[in-house]
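Working notes, structure below.
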Amino acid sequence: LNSFIRATCLHQLYHKQHTMITKLLVTLACLVHNAHSFVPKFTHTVVHTRSAFVVVAGMPEQLAEWGCDATLWDSLPLGARRDLERFANSGSEDLARCRILTMKEVVQYNAEPGAVWEQAAWDKSVLGWEQNRAELAAAELARVKAEKKAAAKAKREATAAKEEEQKHGL
């Protein structure tokens with residue numbers, strides 16, 4: 001029992017020292033590192049929303065060719081806009097088209113279509129979209145299950161008919 005208590009105490013001491021060393025190294029790195037590298041460099045208009053600075057830019061023209069319009073763009077969250085901009089810049093047309101289709105589906109569940117993006121409305125839209133996807137998946141699963149059940153029944157009936165035929169010597 002004493003050896004267990006001693007081992008536990010040593011482990012706690014080691015953990016405290018490790019945590020202190022980690023904090024010291026992070027602090028030292030922050031002091032030594034050039035302070036300018038931590039400052040973000042914005043190339044677009046900066047808008048202050050809530051407590052974070054975000055970059056807002058216009059929709060890339062290439063996205064319009066891939067199916068995104070200004071109404072959809074305005075109703076998208078910043079993360080989706082950033083992804084679409086990245087897809088447009090890298091020429092990832094398939095990824096962009098797929099994301100645009102998904103975003104169009106999600107926006108359909110918005111109570112105010114065409115409205116400018118806001119968190120609460122977007123969360124409700126995503127929830128509605130996810131519920132619909134779950135219902136479609138459940139319906140598809142039920143359909144596949146029913147098909148398997150019908151196929152198994154047909155196979156059993158065919159086997160039973162064949163056995164009956166063999167019994168009667170037909």
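Just so it is clear, the values below take in all heavy atoms, side chains as well, and ignore hydrogens, waters and symmetry mates.
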Inset, instruction - Check whether more than 12 heavy atoms from other residues, nucleotides or ligands sit under 6.0 Å from atom CD of E61, and answer yes or no. - result: no

Inset, instruction - Count the heavy atoms belonging to other residues, nucleotides or ligands that lie under 6.0 Å from CZ of R82, then report whether that count exceeds 12. - result: no

[atom1]-[atom2] distance between [X] and [Y], expressed to the nearest 0.5 angstrom:
X    : Y    : atom1 : atom2 : result
L127 : N132 : CG    : CG    : 11.5 Å
K104 : T71  : NZ    : OG1   : 10.5 Å
K124 : E118 : NZ    : CD    : 9.0 Å
M103 : L72  : CE    : CG    : 8.5 Å
L141 : L136 : CG    : CG    : 12.5 Å
E135 : E130 : CD    : CD    : 12.0 Å

Legend entry - Salt-bridge contact R97-D94 (side-chain N to carboxylate O under 4.0 Å):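 No, this pair does not count.
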
For [X] versus [Y], what's the shortest heavy-atom pair and its separation?
X    : Y   : value
A96  : W66 : CB-CE3, 3.3 Å
I100 : C68 : CD1-CB, 3.7 Å
A64  : M59 : CB-CE, 4.0 Å

Inset, instruction - May I ask you to test the W122-V106 pair for a side-chain heavy-atom distance under 4.5 Å? - result: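 Yes, side chains in contact.
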
Inset, instruction - Quick one: list whatever passes side chain to side chain contact (heavy atoms under 4.5 Å, CB included) with T159, sequence neighbours left out. - result: K155, E163

Inset, instruction - Answer yes if the side chains of E85 and N89 hold a donor-acceptor pair under 3.5 Å, and no otherwise. - result: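 On atom types as modelled, these side chains do not qualify, holding no pair under 3.5 Å.
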
Legend entry - Main-chain N/O of L76 paired to R81 side chain as donor or acceptor, under 3.5 Å: yes

Inset, instruction - Given salt bridge (Lys or Arg N to Asp or Glu O under 4.0 Å), test K162 with E165 step by step and report yes or no. - result: CA-CA 5 Å; K162 191 173 188 178; E165 191 176 291; over 6 Å; no

